[in-house]
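These notes concern the structure reproduced below.
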Amino acid sequence: MSNLKLPEPIATYFAADKRDAAAVARCFTERAIVKDEGQTHSGVAAIATWKREASARYSYTSEPFALEQNDDRYVVRSRLTGSFPGSPVDLRFVFRLERGKIAFLEIAP
């Protein structure tokens, strides 16, 4: 990862993303919401399924390169490179944190 200083729960998410769906799911609150590719995934079990299915479809690396904080939201820009149409692509990861975990994540161009 770059020298970008990410808040701990967000840094943990990007590190877990290199491992497996269970590690990613542990980064979230019990009632967290993830929005990605036009779908909404609610709760840890749904988030684990989302991550497992995405990892089965695509092989990729994610390299965060910019961070902004707007009120209670953190916006991370990350370059994804891998086996998907349009690679590489820069995406926005919008996080909202609660009690040291991720309560909300939206991934968008």
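All residue numbers refer to positions in the sequence shown, counting from 1.
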**Message:** Run L97 and I10 through side-chain contact (heavy atoms from CB on, under 4.5 Å) and show every step you take.
**Reply:** CA-CA 9 Å; L97 307 177; I10 296 172; 4.1 Å; yes
**Asked** Can you name the nearest heavy-atom pair linking G82 to S87, along with the distance?
**Response** N-OG, 2.8 Å
**Message:** With a 4.0 Å cut-off on N to O distance, would you call K51 and E53 a salt bridge?
**Reply:** no
**Contacts of type side chain to side chain donor-acceptor pair (under 3.5 Å), residue S78, not counting sequence neighbours** = S62
**Item:** Closest non-hydrogen atom pair between R52 and A21, with its separation
**Value:** N-CB, 3.6 Å
**Prompt:** Side-chain heavy atoms under 4.5 angstrom apart, residues restricted to Ile, Leu, Val, Met, Phe, Trp, Tyr: same cluster for I33 and Y74?
**Reply:** no
**Message:** How close do I47 and A25 get, counting heavy atoms only, and between which atoms?
**Reply:** CG2-CA, 4.4 Å
**Prompt:** Checking E106 side chain against A108 main chain: does a donor-acceptor pair fall under 3.5 Å?
**Reply:** no
**Asked** Applying the side chain to side chain contact (heavy atoms under 4.5 Å, CB included) test to F95, which of L105, D72, L6 qualifies?
**Response** L105
**Item:** Stepwise side-chain contact (heavy atoms from CB on, under 4.5 Å) check, T61 with L80
**Value:** CA-CA 6 Å; T61 58; L80 271 69; over 6 Å; no
**Message:** How close do I107 and Y13 get, counting heavy atoms only, and between which atoms?
**Reply:** CD1-OH, 4.1 Å
**Item:** Any pair counted as side-chain hydrogen bond (donor to acceptor under 3.5 Å, both in side chains), so long as it reaches residues 23-38, sequence neighbours left out
**Value:** D36-W50, E37-R57
**Asked** I102 and A32: which non-hydrogen atoms are nearest, and at how many Å?
**Response** O-CB, 3.5 Å
**Asked** If you round to the nearest 0.5 Å, how far is CZ of R92 from CZ of R77?
**Response** 7.0 Å
**Message:** Tell me whether S59 contacts the main-chain N or O of S55 through its side chain, where contact means a donor paired with an acceptor under 3.5 Å.
**Reply:** no
**Request:** Mind listing the closest non-hydrogen atom pair of F84 and T81 along with its distance?
**Result:** CE2-C, 3.9 Å
**Request:** Treating Ile, Leu, Val, Met, Phe, Trp and Tyr as nodes and any side-chain heavy-atom pair under 4.5 angstrom as an edge, say whether V75 and L4 lie in one connected cluster.
**Result:** no
**Asked** Under 4.5 Å between side-chain heavy atoms, hopping through other hydrophobics if needed: is there a path connecting Y58 to L91?
**Response** yes
**Message:** So does A22 get a backbone contact from the side chain of D20, meaning a donor-acceptor N/O pair under 3.5 Å?
**Reply:** yes
**Request:** Give the intermediate values and the outcome of side-chain contact (heavy atoms from CB on, under 4.5 Å) for residues K101 and F28.
**Result:** CA-CA 5 Å; K101 292 199 171 206; F28 290 85; 6.0 Å; no
**Prompt:** Got a sec, which residues hit ring pair (Phe, Tyr, Trp, His ring centres under 6.0 Å) with F93, two or more places apart in sequence or on another chain?
**Reply:** F14
